[in-house]
Amino acid sequence: MYTLLDGDGRPYRSIVPARYGGHRRSRIYGRLDCPSALRALARGAYRTHRVFFATESDAISAGYRPCAVCMPGRYAAWRKTR
């Protein structure tokens, strides 16, 4: 079982693994293979604030923004809305 966040930011248990990872404090989400997130995880400080989402719409609904490193197109679109 996996613990994911729904569109309201509430955790739930799922048999399906996450497709996106995020950082609770910075409210950023991105791909699970994001180079920036992997570097942060290697340093060890990122892990305690890591969250997971099944869908991109769940991450957006929960108030997270796209990562500029692994999702540059979506990040650029997000920036235009600011």
Side-chain angles (χ1 to χ4, degrees):
M1 293 291 283
Y2 302 92
T3 301
L4 309 178
L5 295 185
D6 67 13
D8 293 322
R10 294 181 305 234
Y12 70 95
R13 303 289 284 167
S14 173
I15 60 171
V16 178
R19 294 190 58 213
Y20 298 94
H23 187 265
R24 186 182 316 268
R25 294 178 91 190
S26 62
R27 310 292 283 188
I28 296 172
Y29 77 92
R31 296 187 336 243
L32 294 176
D33 65 346
C34 175
S36 180
L38 294 176
R39 280 191 303 273
L41 286 166
R43 289 192 309 266
Y46 190 88
R47 195 170 314 276
T48 59
H49 303 289
R50 188 88 160 137
V51 294
F52 299 95
F53 300 96
T55 66
E56 190 172 6
S57 63
D58 283 344
I60 294 167
S61 295
Y64 287 69
R65 70 153 175 90
C67 173
V69 174
C70 67
M71 303 179 82
R74 285 184 171 67
Y75 175 75
W78 173 83
R79 288 281 297 166
K80 286 181 182 178
T81 66
R82 296 283 162 212

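No hydrogens, no waters, no symmetry mates; every other heavy atom, side chains included, goes into these values. As the structure is a computational prediction, the values presented were derived from the model and not from experiment. By convention here, the first residue in the shown sequence is residue 1.
Residues that satisfy the side-chain contact (heavy atoms from CB on, under 4.5 Å) test with Arg74, not counting sequence neighbours, are Tyr29, Glu56, Pro66, Met71. The side-chain hydrogen bond (donor to acceptor under 3.5 Å, both in side chains) check on Thr55 picks up Ser57, Asp58, with sequence neighbours excluded. When the side-chain hydrogen bond (donor to acceptor under 3.5 Å, both in side chains) test is applied to Tyr20, no partner is found at least two apart in sequence or on another chain. Judged as a side-chain hydrogen bond (donor to acceptor under 3.5 Å, both in side chains), and not counting sequence neighbours, Ser36 has no contacts.
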Acceptor/donor pairs from residues 4-13 side chains to any protein atom, 3.5 angstrom cut, sequence neighbours excluded:
{"unit_1": "Asp6", "atom_1": "OD1", "unit_2": "Asp8", "atom_2": "N", "d": "2.8"}
{"unit_1": "Asp6", "atom_1": "OD1", "unit_2": "Gly9", "atom_2": "N", "d": "3.1"}
{"unit_1": "Asp6", "atom_1": "OD1", "unit_2": "Arg10", "atom_2": "N", "d": "2.9"}
{"unit_1": "Asp6", "atom_1": "OD2", "unit_2": "Arg10", "atom_2": "NE", "d": "3.4"}
{"unit_1": "Asp6", "atom_1": "OD2", "unit_2": "Arg10", "atom_2": "NH2", "d": "3.3"}
{"unit_1": "Asp8", "atom_1": "OD2", "unit_2": "Arg10", "atom_2": "NH2", "d": "3.1"}
{"unit_1": "Arg13", "atom_1": "NH1", "unit_2": "Thr3", "atom_2": "OG1", "d": "2.7"}

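Sorted by first and then second residue, the side-chain hydrogen bond (donor to acceptor under 3.5 Å, both in side chains) pairs involving residues 37-51 (not counting sequence neighbours) are Tyr46-Arg50.
Rounded to the nearest 0.5 Å, atoms SG (Cys70) and OH (Tyr75) are 12.5 Å apart.
Around CZ of Arg31, the count of heavy atoms belonging to other residues, nucleotides or ligands within 6.0 Å exceeds 12.
Proximity of a side-chain donor or acceptor of Arg27 to a complementary backbone N or O of Ala62 within less than 3.5 Å is detected.
The two atoms that bring Tyr64 and Arg24 nearest to each other are OH-CA, 3.5 Å, heavy atoms only.
Clustering ILVMFWY residues whenever any of their side-chain heavy atoms sit less than 4.5 angstrom apart, transitively, puts Ile28 in a cluster other than the one holding Val69.
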*asked:* Using the rule given for side chain to side chain contact (heavy atoms under 4.5 Å, CB included), can you reason through Met1 versus Ile15, listing the C-alpha separation, both sets of side-chain angles and the distance that settles it, and then say yes or no?
replied: CA-CA 5 Å; Met1 293 291 283; Ile15 60 171; 3.4 Å; yes
*Might you work through the side chain to side chain contact (heavy atoms under 4.5 Å, CB included) test for Phe52 and Leu32, ending with a clear yes or no?*
CA-CA 9 Å; Phe52 299 95; Leu32 294 176; 3.9 Å; yes
